[in-house]
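These notes concern the structure reproduced below.
To find a chain, count down the sequence lines: A is the first, B the second, and so on, and within it residues start at 1. Remember, predicted model here, so these are calculated numbers, not experimental data.
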Amino acid sequence: MPEGHTIHRLARDLNAAFGGQKIHASSPQGRFEAGAAKLNAQICDEFEAHGKHLVGHFATGDVLHVHLGLIGKFRRAKGEPVGAVRLRLATADVNWDLRGPMVCDLGSPELADKVAASVGPDPLRPKANVDAFVAAMQRRRIAVGAALLDQKVVAGIGNVYRAELLFIAGIDPETPANALDESQVRDLWDLAAQQLRLGEKLNRIVTVDPALGGHKTPRSIPAGERLYVYKRQDEPCRVCDSPIELLKVAARKMWRCPNCQGSGATQHRSSKKKSPTKAHKK
DNA sequence: TACATATGATCAT
DNA sequence: TGATCCTATGTAA
């Protein structure tokens with residue numbers, strides 16, 4: 001579930017539910033009992049997101065740090081907690097249940113700064129430092145597909161968005177990060193901001209242009225048609241019909257269209273044997 | 001029932 | 001690069 005858009009949306013929803021209110025906290029599962037006991041009956045000031053990290057501020061100065069990891073979820077719930085609920089935050093009106101987080105810690109105020117400093121610029125944060133992103137990209141020889149997953153390079157992009165963004169940008173994921181033009185890098189940033197913002201708004205990842213499928217809005221695109229390449233190996237590219245390829249980049253699955261993203265590997269059969277590997281637009 | 005898989009990240013080798 | 005942790009879900013057996 002969780003890439004940066006999820007966490008920003010979560011911060012927003014949790015603020016609506018708990019901001020400025022006295023909350024009830026518990027750990028039905030028991031693995032966060034001490035933390036929950038400290039939080040219980042406190043006033044919640046606000047939640048914020050730094051990439052995939054969620055940070056909650058409480059009136060006494062206590063800071064809650066949550067990272068959902070691969071499988072964590074933090075969702076509204078009704079009735080008694082079911083299953084392994086690490087943390088339940090509640091008011092008289094609503095409950096939110098946290099399960100399976102990679103991180104759920106309570107700390108002092110400086111924890112918030114520590115978390116913020118642990119990641120690179122986050123395109124969803126208003127004061128994000130684009131230049132830091134550009135500099136980080138230009139400093140790395142690793143594949144751009146790997147660089148986008150590095151949270152110190154850019155915070156909030158995960159395996160779905162890296163594949164989708166590079167497709168939209170028409171960039172082969174195996175291109176070295178430092179081989180991109182500065183303008184390409186800046187465009188990538190803008191694209192990431194735009195796509196993640198849409199994801200936050202919809203509370204789901206939708207990257208395809210609705211017009212492609214004859215849809216009115218991104219919201220109206222049916223499941224299974226919302227992404228260009230992610231998990232679509234061997235299926236036809238939504239733009240050019242070439243079969244989508246599956247590859248590994250940074251030890252994770254990656255998908256690309258060999259035609260739209262000029263892999264340099266499999267070009268059209270029509271291209272001569274001696275086709276230049278570096279014929280991309282510059 | 002069991003196993004594979006998942007939108008993450010860390011640590012060991 | 002591989003093992004590992006967290007939990008839920010979908011598919012195979």
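Distance A:D150 CG to B:dG8 P: 13 Å, rounded to the nearest Å. As rounded to whole Å, 4 Å separates atom C1' of C:dT7 from atom CD1 of A:I71. In this entry the distance linking OH of A:Y230 with C1' of B:dT5 reads 9 Å, nearest Å. Whole-Å rounding puts the A:Q195 CD to B:dT7 P distance at 18 Å. Rounded to whole angstrom, the span from the NZ atom of A:K248 across to the P atom of C:dG2 amounts to 8 Å. Following rounding to the nearest Å, A:K73 (NZ) and B:dG8 (P) show an atom-to-atom distance of 12 Å. Nucleotide B:dA6 holds its C1' atom 11 Å from the CD atom of A:E3, rounded to whole Å. What separates CG of A:L54 from P of B:dG8 is a distance of 16 Å, to the nearest Å.
Side-chain polar atoms of A:D122 and A:H8 form a donor-acceptor pair below 3.5 angstrom. A:Q29 and A:S27 are not linked by any side-chain donor-acceptor pair at a separation below 3.5 angstrom, with hydrogens and angles left out of the test.
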| request: Could you go through the side chain to side chain contact (heavy atoms under 4.5 Å, CB included) check for A:T207 and A:R226 one step at a time? | output: CA-CA 6 Å; A:T207 55; A:R226 292 172 185 152; over 6 Å; no
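Note on A:K231: only backbone sugar-phosphate atoms sit closer than 4.0 angstrom, heavy atoms only; bases stay farther off.
Residue A:R86 places none of its side-chain N or O atoms closer than 4.0 Å to OP1 or OP2 of C:dC6. Between A:K253 and B:dA6, a side-chain N or O to OP1/OP2 separation shorter than 4.0 Å is present.
To the nearest whole angstrom, the two P atoms, one in C:dC6 and one in B:dT1, are 23 Å apart. Rounded to a whole angstrom, the distance from the P atom of B:dT13 to that of C:dC5 is 14 Å. Atom C1' of C:dT1 sits at a distance of 22 Å from the matching atom of B:dT7, rounded to the whole Å. Across B:dT5 and C:dA13, the matching P atoms stand 13 Å from one another, rounded to whole Å.
The minimum heavy-atom distance linking A:Q233 with A:W255 is given by the pair OE1-NE1, 2.6 Å. Between A:F133 and A:V153 the shortest heavy-atom distance is CD1-O, 3.4 Å.
Taking a 4.0 Å limit (strictly below) on heavy-atom distances, residues 159-166 of chain A does not reach DNA chain C anywhere. In the region residues 28-37 of chain A, proximity to DNA chain C at under 4.0 angstrom, judged on heavy atoms, holds for A:Q29, A:R31.
Under 4.0 Å is where a charged nitrogen must lie from a carboxylate oxygen, and between A:D131 and A:R186 at least one such pair does. Using a 4.0 Å cut-off between charged nitrogen and carboxylate oxygen, A:R9 and A:E200 do not count as a salt-bridge pair. Between A:R256 and A:D172, at least one side-chain nitrogen of the basic residue sits less than 4.0 Å from a carboxylate oxygen of the acidic one, meeting the salt-bridge criterion. Using a 4.0 Å cut-off between charged nitrogen and carboxylate oxygen, A:E225 and A:R238 do not count as a salt-bridge pair.
Considering CD of A:E245 and CD of A:Q261, their distance stands at 9.0 Å, rounded to 0.5 Å.
Within the 4.5 Å cutoff, no side-chain heavy atoms of A:V249 are placed close to those of A:V144.
For the side-chain hydrogen bond (donor to acceptor under 3.5 Å, both in side chains) criterion with A:H53, the lone passing option out of A:E48, A:Q151, A:H65 is A:H65.
Searching all strands for a Watson-Crick or G-U wobble partner of B:dT13 with both distances below 3.5 Å returns nothing. Partner assigned to C:dT7 is B:dA6, using Watson-Crick or G-U wobble distances below 3.5 angstrom.
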Identify the pairs formed between an N or O of the protein and an N or O of nucleotides 9-13 of chain B at a distance under 3.5 Å, and give each distance.
| residue | atom | partner | partner atom | Å |
| --- | --- | --- | --- | --- |
| B:dA9 | OP1 | A:H67 | NE2 | 3.2 |
| B:dA9 | OP2 | A:K52 | NZ | 3.0 |

